[in-house]
Number of protein chains: 2
Amino acid sequence: MSSYKDKKVITIGIVSELTGLSERKIRYYEERGLIFPERTKRGTRVYSFMDVEILLKIADKREEGVQTGEIKKDMINEKKKSDVRNQMLRGQLNAHFKMRK
Amino acid sequence: MSSYKDKKVITIGIVSELTGLSERKIRYYEERGLIFPERTKRGTRVYSFMDVEILLKIADKREEGVQTGEIKKDMINEKKKSDVRNQMLRGQLNAHFKMRK
DNA sequence: CGTGTAAGGAATTCTGACACG
DNA sequence: CGTGTAAGGAATTCTGACACG
């Protein structure tokens, strides 16, 4: 389930280069709950490629003038929709294979 | 052809954590031509997940007592074998589909 | 609200060298 | 040969704050 894409290994300077966003912006989006880096033992933020992609989407929305609060709502909504789809898929698979929990 | 696995974005401290190797060892293996990190504008080494995997293999070999020169030869040999296979595959595909260059 | 910046400290990374074996 | 370490400098990252709007 977990892959290179989700492994948090990229420091903020590299993420800044990769996304074109300032470190200030990246930290601010975290403050607003849009992105969730992990921390090394020493407290340095580390991001995944997935995080980089999310940041690029955030950058697009921000350019359109969408506020961080709106962006967060959208992201939560998309997650809900995705969860619902997964639940349905799970239900169908269970019905088909009569899997036990 | 290129993916997250090959993107050089991980700094040496993280690589050290990921592999359990000291930074000294990692730099030394580069010196001996076993690993090829890129550099950021500022000169900091950056590695890919593929590099991390290569380093783990190197660590195994070293534990077996294999010297860096031997390890390098082995790696070059494996690459040659892989290249030969790819050439053959390419040849068969070309013959089958009569592809032009 | 979103972002820039100066501030000071702590941790990171780099290179070249000496050490040991 | 392979790896540790101390050395000094340069670049990174962190936090909390002030600024502007």
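Lettering follows sequence order; numbering is per chain, from 1.
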Using a 4.5 Å cut-off on heavy atoms from C-beta on, say whether the side chain of A:K57 contacts that of A:M75.
-> no
Do A:V15 and A:D51 have side-chain heavy atoms sitting under 4.5 Å apart?
-> no
Please walk me through it: do A:L56 and A:T19 pass side chain to side chain contact (heavy atoms under 4.5 Å, CB included)?
-> CA-CA 6 Å; A:L56 290 172; A:T19 59; 4.1 Å; yes
Got a minute to check which stems DNA chain C is part of, using Watson-Crick or G-U wobble pairs under 3.5 Å, three or more consecutive?
->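 For DNA chain C the paired stretches long enough to count as stems (3 pairs minimum) are C:2-5 with D:17-20, C:17-20 with D:2-5.
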side-chain hydrogen bond (donor to acceptor under 3.5 Å, both in side chains) contacts in which one or both residues fall within residues 58-68 of chain B, not counting sequence neighbours | B:R32-B:T68, B:K61-B:D74
Which is it for A:D83 and A:Q87 under the side chain to side chain contact (heavy atoms under 4.5 Å, CB included) test, yes or no, and what are the steps along the way?
-> CA-CA 6 Å; A:D83 284 349; A:Q87 274 306 323; 5.7 Å; no
What pair of heavy atoms forms the shortest contact from B:V46 to B:R39, and how long is it?
->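 Scanning both residues completely, I find the closest heavy atoms to be CG2-N, 4.1 Å.
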Which residue, A:T11, A:I54, A:I26, forms the side-chain contact (heavy atoms from CB on, under 4.5 Å) with A:Y47?
->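 Per the side-chain contact (heavy atoms from CB on, under 4.5 Å) rule, the option paired with A:Y47 is A:I26, out of A:T11, A:I54, A:I26.
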Which of residues 18-27 of chain B have a heavy atom under 4.0 Å from DNA chain D?
-> B:S22, B:R24, B:K25
Expected list for residues 8-15 of chain A near DNA chain D, using heavy atoms below 4.0 Å, is A:T11, A:I12, A:G13
Could you identify which residues of residues 41-60 of chain B place a heavy atom less than 4.0 Å from some atom of DNA chain C, listed by residue number, or say none?
->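 Nucleic-acid contacts, sorted: B:G43, B:T44, B:R45.
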Where along residues 64-74 of chain B does a heavy atom fall under 4.0 Å from DNA chain C?
-> none
Between A:Y4 and B:Y4, is the ring centre distance below 6.0 Å?
->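 No: the rings miss the under 6.0 Å criterion.
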Please answer: with hydrophobic residues joined when any side-chain heavy atoms are less than 4.5 Å apart, are B:I58 and B:V66 in the same cluster?
->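 B:I58 clusters together with B:V66.
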In the single-linkage hydrophobic clustering (I, L, V, M, F, W, Y; side-chain heavy atoms under 4.5 Å), do B:F97 and B:L89 co-cluster?
->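 In one cluster: yes.
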Rounded distance (nearest 0.5 Å) linking atom NZ of B:K7 with atom OG of B:S48 | 11.5 Å
Between A:Y28 and C:dT3, is there a side-chain N or O to OP1/OP2 distance below 4.0 Å?
->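 Negative; the distance criterion is not met.
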Please check the phosphate of D:dT15 (OP1 and OP2 only) for any side-chain N or O of A:R39 closer than 4.0 Å.
->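 So the side chain of A:R39 is within the cut-off, an N or O lying under 4.0 Å from OP1 or OP2 of D:dT15.
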Hey, are A:K73 and A:E70 close enough for a salt bridge, meaning a charged N less than 4.0 Å from a carboxylate O?
-> yes
Under 3.5 Å donor-acceptor, A:K25 side chain and A:A59 backbone = no
Evaluation steps, side chain to side chain contact (heavy atoms under 4.5 Å, CB included), between A:Y29 and A:L21 | CA-CA 11 Å; A:Y29 299 150; A:L21 295 168; 4.3 Å; yes
From the options B:E38, B:E30, B:E23, select the one residue that forms a side chain to side chain donor-acceptor pair (under 3.5 Å) with B:R45.
->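 It is B:E30; the other options fail the test.
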